[in-house]
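Note that this is a predicted model, so its numbers are computed, not measured. All values below were derived from every heavy atom in this structure, side-chain atoms included, with hydrogens, water molecules and symmetry-related copies excluded. In the text below, chain A, chain B and the rest are named by the order of the sequence lines, each starting its count at 1.
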2 protein chains.
Amino acid sequence: MAGTDQLSAVFSALSDPTRRAIIAELADRDATVTELTAPLSISMPAVSRHLKVLERAALISRSRSGKWRASHLESAPLREAADWIERYRRLWDASLTRLDAHLAAVQAADRATDRTADDPRDPE
Amino acid sequence: MAGTDQLSAVFSALSDPTRRAIIAELADRDATVTELTAPLSISMPAVSRHLKVLERAALISRSRSGKWRASHLESAPLREAADWIERYRRLWDASLTRLDAHLAAVQAADRATDRTADDPRDPE
DNA sequence: CCTTCATTTAACCAACCAGTTAAGCGTATT
DNA sequence: AATACGCTTAACTGGTTGGTTAAATGAAGG
């Protein structure tokens, strides 16, 4: 898994297409192992282990009801992962829009001959 | 890497903390292999291979300038990855909101025998 | 109680991953 | 031309992964 931290576990879990298919399925509705196995072309033990991986990454929680175990998608880790990506993607995009911001700042300063100008740039 | 598709490659690349550190570095500025190696506690060949992984996932591009090779962050794959996550996270959140809305509606109807009720819950 | 159904664990395999050191390659620098 | 520098490739190691089949667990039902 490379790292043992939360983010590494989440990205590692998401790196498998089968697990992403499972997540897509669980986005609609909670499902049992048998239900999740049906559309996939792998054995139930394999699915069971994928679920274990997803569970260890906290991407899903599971509840037992009789002899069935339902898997339930958790959004928190997905949000964390998306946040991490957005953070750095935005930094990158910032370098593209920095020119725009600069021009805007210049224009603002130009306009601000008689009133206070505020900085268009916002860290984080 | 589990899958050979683009998304799998990107998530797999992001699943390593060293590679995420490299991305964080490259979000600020392009950098050479030596520069990227400095703050890390691993050998240069190791960094070189991490860069290869990032390049294969199209997360970075590289240019040669003299005897230096600069790495440059590409945002497109990051956006794709974030989009995938957001797609399913939003679906999940929607189902929660739906439940909240339902419960709120029920409570509202219950309370609404003599006055108007407003929803205390506010989605993100 | 014995069976059946849903799921997990065990044992095994082939492939991959992240790190190492040592050697190779291509481009300055002297 | 010879040396030094930046980086990559090769060869090896130990640990992990994703799949398999077969056996074990655990709750439900005859």
**Prompt:** Are A:Ser8 and B:Arg20 side-chain neighbours, meaning at least one heavy-atom pair lies under 4.5 Å?
**Reply:** yes
**Item:** Of the listed nucleotides D:dA27, D:dT8, D:dG18, the one nearest the side chain of B:Ser48
**Value:** D:dT8
**Prompt:** With respect to the side chain of A:Arg62, which nucleotide from C:dT7, C:dT8, D:dT21 is positioned closest?
**Reply:** C:dT8
**Request:** Only one of A:Leu73, A:Leu59, A:Leu51 passes side chain to side chain contact (heavy atoms under 4.5 Å, CB included) with A:Ile22; say which it is.
**Result:**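 The option that passes is A:Leu51.
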**Asked** For B:Ser12 and A:Lys67, take the nucleotide of DNA chain C holding the closest heavy atom to each; which residue's nucleotide lies nearer the 5' end?
**Response**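 Nearest-nucleotide comparison on DNA chain C picks A:Lys67.
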**Message:** On the side chain of B:Arg49, is there an atom forming a donor-acceptor pair with the base of C:dG19 - under 3.5 Å, no angle test?
**Reply:** yes
Round to the nearest Å and state the distance from [X] atom [atom1] to [N] atom [atom2].
X	N	atom1	atom2	value
B:Leu40	C:dG19	CG	C1'	13 Å
B:Glu35	D:dC5	CD	C1'	14 Å
B:Asp16	D:dG15	CG	P	18 Å
A:Arg56	D:dT16	CZ	C1'	10 Å
B:Ile60	D:dC7	CD1	P	12 Å
A:Leu54	D:dT17	CG	C1'	14 Å
A:Met44	D:dT20	CE	C1'	14 Å
B:Arg64	D:dC7	CZ	C1'	8 Å

**Asked** Got a salt bridge between A:Lys52 and A:Glu55, using NZ or NE/NH1/NH2 to carboxylate O under 4.0 Å?
**Response** no
**Item:** Closest non-hydrogen atom pair, B:Val10 against B:Pro77
**Value:**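 Looking at all heavy atoms of both residues, the shortest contact is CG2-CB, 3.8 Å.
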Under 4.0 Å between a side-chain N or O of [X] and OP1 or OP2 of [N]?
X	N	answer
A:Arg69	C:dT8	yes
A:Lys52	C:dT7	no
A:His50	D:dT17	no
B:Arg19	C:dA18	yes

**Item:** Closest-nucleotide 5' rank along DNA chain D - winner of A:Trp68 and A:Pro45
**Value:**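 Its nearest nucleotide lies further toward 5', so the answer is A:Pro45.
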**Prompt:** Mind checking whether B:Phe11 and A:Phe11 have parallel, tilted or perpendicular rings, split at 30° and 60°?
**Reply:** parallel
